[in-house]
Amino acid sequence: MEKSKKEVLVLEDILGSNKKIASSIRKKLEDKGILAANLLSSPGSGKTTLLEKIGLKLKDRYRVGVIEGDIETERDAERIRKIGLPAWQITTHGACHLEAKMLARIFDQIPADLNFLFIENVGNLVCPASFDLGESLRFVLLSVPEGDDKPRKYPEAFITSQVFVITKADLLPYLPFDADRVTAEALEINPKLEVFRTSAITGEGIEPLCQYLEKKLQELRTKNA
Amino acid sequence: MHELSIVADLFTIIEEQSRQVGAKRVTKVRVLIGELSGVVPELFRTAFHSYKKGTIADKARLEIKVTRVKFKCHGCGKEIKTGDISSPDFSYACPFCGSREVELISGRDLYLEKLEIET
């Protein structure tokens, strides 16, 4: 007998399962009044260092926790614990990004009374942009030594973020990095981006960034009230 | 190279769909990949053909349709179909009114559009 072939229309979102888990994480976090931020950047652009600075500023008034995503090692989580904050390390053993299901696996360990939860993604400006983790805010970081031509080269990371942080701004006098140009280019791709220029060495921009986070937490509380 | 994890999710959907419609075998898979989805069609293809071994889609062909970026302009309300995003004259501003208040309405999507099956 002749085998019968037929076409079946499916139209299903391939990332639908990730999005579903992410939405459920977002709802749980927001209901508890936890503001979660997912940090994206290349390796070495200063995500952990920025989190140390923000964490130290916020920890006296707020409960802050950090999820660290790396391919291997517990090094970043140890750095965060050293400044007195709880940290949970997710090692992906090769995967270039975090996925919502990886967060779901450790979700029970996250205390319900946190105010801020920072999720440091695997260092990579490409792949993590495709995966919603259930965060309320997405940060994209770009450090001065990486060069000022990145936003249009890596548009997805900039399009899906709400916050753009230029890090290592103390190096601006020494490197041909045009911070105004990069800001304009990022805003061209995503006009809604909030832009901050920071330096972990001089402390520049850390306070405004913390104030922004506090404002966002306040907005979440108002929404929940 | 996150294409492999995306292909793994694709196969979960393929297996489930095949069960639902009683397919004996999947002979063709057609996916839509947005230009701004962050997925590279060629890497997706490689991942697909290495993953399919031993599955119901063991011999399946893969068809990829790349969907272009589309914006909606909040300035003049027009929909903007864009050119190639890698081209130097690609612009994120509205070509009709110049507004930068444009919102991405397609181009990030990743869909399993249809399957060809044998029953």
Side-chain angles (χ1 to χ4, degrees), chain A residues 1-22 40 69 71 92-102 121-122 124-132 140 149 151-161 184-193, chain B residues 1-14 16-18 20-40 43-44 69 71 74 85-88 90-93 99-104 107-119:
Chain A
M1 205 182 83
E2 179 75 7
K3 285 178 211 152
S4 68
K5 275 192 187 180
K6 67 173 179 186
E7 262 193 0
V8 184
L9 190 68
V10 184
L11 277 182
E12 196 167 323
D13 188 343
I14 302 175
L15 285 174
S17 130
N18 185 74
K19 285 178 189 162
K20 215 167 127 190
I21 302 170
L40 266 59
I71 291 179
T92 63
H93 307 296
C96 49
H97 59 273
L98 291 179
E99 291 185 26
K101 63 183 175 207
M102 302 176 186
N121 221 306
V122 178
N124 179 336
L125 203 47
V126 187
C127 311
S130 299
F131 297 87
D132 185 359
V140 57
D149 59 348
R152 277 186 75 132
K153 288 167 77 171
Y154 300 91
E156 213 205 347
F158 288 84
I159 279 184
T160 59
S161 293
E185 191 169 290
L187 287 172
E188 185 200 332
I189 294 174
N190 181 355
K192 293 197 187 105
L193 278 175
Chain B
M1 179 60 185
H2 58 311
E3 282 76 5
L4 195 58
S5 15
I6 294 172
V7 163
D9 281 355
L10 169 67
F11 272 85
T12 309
I13 304 173
I14 293 176
E16 196 184 313
Q17 281 288 326
S18 306
Q20 276 176 23
V21 298
K24 289 215 174 64
R25 172 181 252 187
V26 175
T27 48
K28 192 168 85 182
V29 176
R30 185 173 151 97
V31 295
L32 307 177
I33 296 184
E35 223 184 352
L36 260 180
S37 66
V39 167
V40 184
L43 296 180
F44 190 89
V69 172
F71 293 108
H74 289 302
I85 195 163
S86 304
S87 119
F90 177 84
S91 168
Y92 287 90
S99 168
R100 291 191 161 185
E101 295 294 317
V102 293
E103 188 188 343
L104 190 69
R108 289 204 59 225
D109 23 280
L110 275 177
Y111 276 91
L112 167 58
E113 189 192 20
K114 54 189 176 187
L115 298 173
E116 185 188 76
I117 58 160
E118 280 175 7
T119 51

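Below, read A as the first sequence line, B as the second, and so on, with proteins coming before strands; counting in each chain starts at 1.
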Side-chain donor/acceptor pairs under 3.5 Å, residues 7-17 of chain A, sequence neighbours excluded:
residue, atom, partner, partner atom, Å
Asp13(A), OD1, Leu15(A), N, 2.9
Asp13(A), OD2, Lys19(A), NZ, 2.5

* To do: Report the distance from atom CZ of Arg100(B) to atom CG of Asn190(A), rounding to the nearest 0.5 Å.
  => 12.5 Å

* To do: Check each atom of Ile13(B) against the heavy atoms of chain A and say whether the ones under 4.5 Å are side chain, backbone, both or neither.
  => side chain

* To do: Look up atom CD1 in Ile6(B) and atom SG in Cys127(A), then write down how far apart they are to the nearest 0.5 Å.
  => 8.0 Å

* Please test His2(B) against Asn124(A) for side chain to side chain contact (heavy atoms under 4.5 Å, CB included), starting from the C-alpha separation and ending with a verdict. => CA-CA 11 Å; His2(B) 58 311; Asn124(A) 179 336; over 6 Å; no

* To do: Would you mind checking which part of Val26(B) comes under 4.5 Å of any heavy atom in chain A, side chain (CB onward), backbone (N, CA, C, O), both or neither?
  => neither

* When heavy-atom pairs shorter than 4.5 Å are enumerated against chain A, which of Glu113(B), Lys28(B), Glu116(B) gives the highest number? -> Glu113(B)

* Portion of Arg25(B) that has a non-hydrogen atom of chain A nearer than 4.5 angstrom -> side chain

* Is it the backbone or the side chain of Phe131(A) that comes under 4.5 Å from a heavy atom of chain B, or both, or neither? -> side chain

* **Options Val126(A), Ile159(A), Asn18(A), ranked by heavy-atom pairs under 4.5 Å with chain B, top entry** => Ile159(A)

* Check Glu99(A) against Ser5(B) and note the closest heavy-atom contact, atom names and distance. => OE2-CB, 3.1 Å

* Rounded to the nearest 0.5 Å, how far does CD of Glu156(A) lie from CG of Leu104(B)? -> 9.5 Å

* Identify the heavy atoms of Tyr92(B) and Glu188(A) that sit nearest to each other, and give their distance. => CB-O, 3.2 Å

* **Residue part contacting chain B, namely of Leu187(A), when any heavy atom lies under 4.5 Å** => neither

* Structure fact -> Okay, Ala129(A) and chain B: the region with an atom under 4.5 Å from a heavy atom over there is backbone

* Engaged part of Glu118(B) at the chain A interface, taking heavy atoms whose separation is under 4.5 Å -> both

* Do any N or O atoms from the side chain of Ser37(B) and from the backbone of Ser130(A) form a donor-acceptor pair under 3.5 angstrom? -> no

